[in-house]
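One structure is given below, encoded as structure tokens.
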Amino acid sequence: GALSSLVADGIRKAIDGIKECVKEAITITNEIDKATNTFISQTGESTESAEKFRNIMLDIYNDNFGENFEDIAKSMATVKQNLKELDGDELKKATENALLLRDTFEFDINESTRTASMLVKQFGINSEEAFALMAQGAQLGLDKNGDLLDTLNEYAVHYKQLGYSVDDMMNMLVNGTKSGTFSVDKLGDAIKEFGIRSKDTANTTTEGFQLIGLNADKMRKKFAQGGEVAKEATNETLKALFNLDNQVKRNQAGVDLFGTM
């Protein structure tokens with residue numbers, strides 16, 4: 001009667017539901033298999049490692065990162081190419097961070113991972129710290145001209161040579177932006193110029209140090225040592241420069257030592 005037809009209807013619906021779940025599971029399996037192949041072919045990793053990378057991608061997908069498995073595979077391949085030493089959980093976290101920066105700040109994954117690699121190499125931090133610094137920089141408005149990643153990539157080595165830590169570098173960029181500098185690239189360029197000029201024996205450099213009351217030869221020796229000594233010498237130079245009351249002399253010394261920037 002009516003009851004048996006209700007039961008039959010319920011069973012039919014349950015079977016349809018199971019079929020739908022199976023169909024979805026097969027689709028996801030096919031997608032992730034295809035994505036794993038993409039990752040393997042783009043990175044040159046061995047097919048024996050396929051299962052490991054498949055599981056990492058599945059974890060990233062379950063954490064709600066990426067548009068689909070193919071997007072995750074391509075992103076993870078880029079991370080692996082630029083941060084070669086990463087594997088397992090570190091690779092998963094780095095890929096999620098790179099996707100988060102892309103979706104939040106429109107940072108290209110190749111650029112953000114290259115920048116992370118540079119920061120890791122120059123300052124000895126880990127990739128997670130590097131991604132966090134990029135995010136903080138963007139939140140503080142350092143990317144308003146779209147040149148934060150390029151600046152970090154190009155000038156990290158110059159800050160390092162002058163004895164600055166990664167925190168020093170970020171603080172200097174933040175302070176420079178707050179005091180009205182149009183572009184972080186200009187700040188990085190000034191540091192690069194100073195790093196070069198502080199060691200060379202050009203007359204302009206000698207003049208720059210003389211104008212602010214410092215001995216050029218003594219300062220050059222300090223800068224040549226790098227590390228903490230170079231950092232102290234930079235701070236000494238900046239202090240002497242800003243303490244100079246004569247505006248014309250101060251501008252001249254600034255250009256002599258830091259270039260037109």
Side-chain angles (χ1 to χ4, degrees), residues 16-121 125-154 156 170 184-185:
D16 285 346
I18 290 165
K19 277 183 186 168
E20 202 53 48
C21 286
V22 170
K23 200 167 127 192
E24 201 176 301
I26 290 168
T27 306
I28 283 182
T29 302
N30 288 342
E31 278 179 18
I32 198 164
D33 286 346
K34 191 176 160 218
T36 306
N37 291 337
T38 298
F39 176 81
I40 295 290
S41 65
Q42 286 192 3
T43 57
E45 291 288 333
S46 67
T47 45
E48 287 81 51
S49 310
E51 188 62 27
K52 174 180 73 175
F53 293 119
R54 188 180 192 277
N55 288 334
I56 295 171
M57 281 192 276
L58 199 51
D59 285 344
I60 293 168
Y61 179 80
N62 287 331
D63 286 346
N64 288 320
F65 287 94
E67 289 165 21
N68 49 45
F69 282 113
E70 196 65 12
D71 182 34
I72 292 168
K74 286 176 179 171
S75 303
M76 194 164 97
T78 304
V79 173
K80 187 70 176 161
Q81 284 156 358
N82 288 333
L83 292 156
K84 295 179 180 63
E85 70 286 352
L86 293 191
D87 210 352
D89 197 45
E90 283 185 336
L91 179 61
K92 182 193 102 156
K93 280 181 189 163
T95 306
E96 289 183 350
N97 281 325
L99 285 163
L100 188 62
L101 286 183
R102 181 194 72 182
D103 296 344
T104 311
F105 303 112
E106 295 180 7
F107 284 170
D108 175 77
I109 285 181
N110 187 39
E111 282 187 37
S112 68
T113 49
R114 273 176 57 237
T115 306
S117 174
M118 177 60 77
L119 295 175
V120 167
K121 189 171 135 193
I125 59 175
N126 63 40
S127 61
E128 199 158 1
E129 289 166 324
F131 283 114
L133 283 166
M134 283 182 259
Q136 283 166 9
Q139 284 165 345
L140 292 165
L142 297 185
D143 195 51
K144 61 185 175 188
N145 295 307
D147 53 5
L148 173 61
L149 298 190
D150 283 343
T151 299
L152 296 178
N153 227 332
E154 187 176 349
M170 295 305 284
V184 286
D185 182 74

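- The structure places OG1 of T113 at 12.0 Å from CZ of R102, a figure rounded to the nearest 0.5 Å.
- Applying the salt bridge (charged side-chain N to carboxylate O under 4.0 Å, His left out) rule to R114 yields no partners; only residues at least two apart in sequence or on another chain are considered.
- When side chains are defined from C-beta on, V184 does not count as touching N145, because their heavy atoms never get closer than 4.5 Å.
- Looking at heavy atoms from C-beta onward, D108 lies out of side-chain contact with L149 at the 4.5 angstrom threshold.
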Verdict with reasoning, I56 to T95, per side-chain contact (heavy atoms from CB on, under 4.5 Å)
CA-CA 10 Å; I56 295 171; T95 306; 6.0 Å; no

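- A donor atom on one side chain and an acceptor atom on the other are not found under 3.5 Å apart for E90 and S127.
- Between S46 and I40, the shortest heavy-atom contact is O-CD1, 3.6 Å.
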Stepwise, does the side-chain contact (heavy atoms from CB on, under 4.5 Å) test hold for M134 with F105?
CA-CA 10 Å; M134 283 182 259; F105 303 112; over 6 Å; no

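- The two residues I60 and E96 come nearest to each other via the heavy atoms CA-OE2, 3.6 Å.
- Checking side-chain atoms of E154 against main-chain N and O of D185 turns up no donor-acceptor pair under 3.5 Å.
- Contact detail for A77 and Q42: the closest heavy-atom pair is CB-OE1, 3.4 Å.
- Minimum interatomic distance between S112 and F107 (heavy atoms only, all atoms of both residues): CB-CB, 4.4 Å.
- Rounding to the nearest 0.5 angstrom, the gap separating the CE atom in M57 from the CD1 atom in I32 is 6.0 Å.
- Among the candidates E85, Q81, K80, the single residue satisfying the side chain to side chain contact (heavy atoms under 4.5 Å, CB included) test with L83 is E85.
- Of the possible donor and acceptor atoms, one in the side chain of N126 sits under 3.5 Å from a partner among the backbone N and O of E128.
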Apply the test side-chain contact (heavy atoms from CB on, under 4.5 Å) to residues K92 and D63: give CA-CA distance (whole Å), side-chain angles for both, the deciding distance (0.1 Å), then the verdict.
CA-CA 10 Å; K92 182 193 102 156; D63 286 346; 3.2 Å; yes

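- Residues F53 and L91 approach most closely at CE2-CD2, 3.8 Å, considering heavy atoms.
- Under a 3.5 Å cut-off, the side chain of K74 and the backbone N or O of D71 do not form any donor-acceptor pair.
- Pairs engaging residues 68-103 under the ring-ring contact (aromatic ring centres under 6.0 Å, His included) rule: Y61-F69 [sequence neighbours left out].
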Pair F65-I72, side-chain contact (heavy atoms from CB on, under 4.5 Å): steps then yes or no
CA-CA 8 Å; F65 287 94; I72 292 168; 5.7 Å; no

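- Among D150, N153, L152, the one residue that satisfies the side chain to side chain contact (heavy atoms under 4.5 Å, CB included) test with E111 is D150.
- Atoms CD and CG, from E129 and L119 in turn, are 10.5 Å apart once rounded to the nearest 0.5 Å.
- Open room surrounds NZ on K121; 12 or fewer heavy atoms of other groups in view lie less than 6.0 Å from it.
- Rounding to the nearest 0.5 Å gives a distance of 9.0 Å between CD of E67 and CG of L99.
- In this structure, D143 and L148 approach most closely via the heavy-atom pair OD1-N, 3.0 Å.
- For D103, there are no salt bridge (charged side-chain N to carboxylate O under 4.0 Å, His left out) partners at least two apart in sequence or on another chain.
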